[in-house]
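Note that ligands are numbered from 1 as they come in the structure, with each ligand's atoms numbered from 1 the same way. Note that this is a predicted model, so its numbers are computed, not measured.
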Amino acid sequence: MIPMQISQRKPFLWINPKRDPEVSLDTAPMAQARADWQAFEPLLERLFGTGVIDSALKAFADWSPEAKAMLLKLDSALPVAGSIKARGGFFEVLSHARELALAEGILQPTDELSRLADRLDYFENYSLHVASTGNLGLSIGLMGRALGFSVYVHMSADAKEWKKQLLRSRGASVVEYDGDYSLAVREGRLASQQDPKAYFVDDERSLRLFWGYSKAAYDLLAQLPEGISKQTPLFVTIPCGVGGAPGGIAYGLKALLGEAVHVFFAEPIEAPAVLLGMASGKGEAIKVQDVGLSGLTLADGLAVGKPSEFVCRQMGPVLSGIYTITDEALQAMQYRLHDKDGIKCEPSACAGLFLPQFLRTEPGRAYLKAHQLSPEDIYHVAWATGGDRVPTPLYDEQLQAGRAVLERRPDIFEIED
Ligand SMILES: Cc1ncc(COP(=O)(O)O)c(C=O)c1O
């Protein structure tokens, strides 16, 4: 069933009726991904001077005083690429490079992977293609070029100019489309099929991306305060575009923490692709334009009209719910984060901060009641998914816009019940 609030463009919290609190998930692919990430560390160290791709967990002051904690996972400052998409993107490029090098005998199974840094000429004849609203392209471009691949980034009309410029400055080719993200994916897939030495990083379908993201669950686990349990659980909220990054992390958290974690996604009111795919049961067979929405949002990383079918299926038993949020609230939150806590985020990255407000609305209260919880029992983690690399002039403009929203609408953070 499609909730009417979607086409009414009304921010609301959808609770997933298919969630299975006792779902049992296979941890083997996650554990393998974690071991692979560890094996990549010396190579990352040589390429970028930093081996571990993880971020800090920081308290967000005065935001949800009733809760046990309100914490921010600062992937906004993730090393090298400055966004959550590097968790999957780097993992996929490194996995592909290792596979090629082993297949061609450039590397022996017993060799230290960092030896690849001495053979960057080898990857010159191989290309990587990726379609992106921006941050995945940036991740694939930065890692692909550092290893010497030819990189083609197929970018939707929403992609920010500075991301294209940065990619070009590293020698990646940017292919621009006057259309949305789904079009860029289709064209990127086709372009890579023309070249036998090309590899397509498929944001809608890639398992490598998914398991690469899932490692973040181990990273978060190592940082959490003590005391998290079924009775005093963790509520994690992650901004969602096509679904891969939040999906991989949600899977990982659920597999590791079981009933002690509840995971929510956050999407823009004009582009709730995963919400629509999951609530209707149609997955990738429905897009936001089918219900009268534009798919356009200031949150460029979340400007996705059609969800990943794979993620919609995986999230059935896992996800607690999804809320939708306006662009204006994101702008105001971007300013709030900067002003009160000196945290630099892009608009997409601010979407995950509103769960405490949505828990005060009717569906939120009902969800808490059904789980015999009250707001005081909860440890919140909001995933701040990107922003560190936004150029200062653009960031200043965004901050001014956010401040203007707050001045005009001091009640912007309150969600109507
Ligand atoms: C900053 C930011 N947050 C969240 C997301 C959502 O990730 P996904 O599209 O995998 O759902 C993106 C995607 O590009 C992003 O750039």
Closest approach of any protein heavy atom to [atom], naming residue and atom:
atom: atom 13 (C) of ligand 1; result: G301 O, 3.2 Å
atom: atom 9 (O) of ligand 1; result: V242 N, 3.0 Å
atom: atom 8 (P) of ligand 1; result: K85 NZ, 3.5 Å

Does a side chain donor of either N135 or K163 reach within less than 3.5 Å of an acceptor in the other side chain?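 K163 and N135 do have a side-chain donor-acceptor pair below 3.5 Å.
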Between K344 and Q334, a side-chain donor and acceptor under 3.5 Å: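 No donor-acceptor contact under 3.5 Å links the two side chains.
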Numbering as shown, the atoms of ligand 1 that approach [X] to under 4.0 Å (heavy-atom distance):
X: C240; result: 11 (O)
X: P246; result: 7 (O), 8 (P), 10 (O), 11 (O)
X: T385; result: 1 (C), 2 (C), 3 (N), 4 (C)

Centre of F200's six-membered ring, under 6.0 Å away, within 45 degrees of the axis: is that where NZ or CZ of R189 sits? no
For atom 16 (O) of ligand 1, the option (of N135, T133, D203) bearing the nearest heavy atom: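 Heavy atom nearest to atom 16 (O) of ligand 1 belongs to N135.
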Closest by any non-hydrogen atom to atom 5 (C) of ligand 1: pick that one out of I249, L302, I238. L302
Sub-3.5 Å N/O-N/O distance, [X] and ligand 1:
X: G243; result: yes
X: G241; result: yes
X: P239; result: no

Just one of F310, Y251, F91 clears the ring-ring contact (aromatic ring centres under 6.0 Å, His included) bar with W211, so which one? Y251
When F235, W14, F358 are each screened for ring-ring contact (aromatic ring centres under 6.0 Å, His included) with F264, the one that passes is F235
Is the ring pair Y126/Y122 parallel, tilted or perpendicular, if the boundaries are 30 and 60 degrees? tilted
For the residue pair P239 and W383, establish whether any side-chain heavy-atom pair is separated by less than 4.5 Å.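 P239 reaches W383 side chain to side chain.
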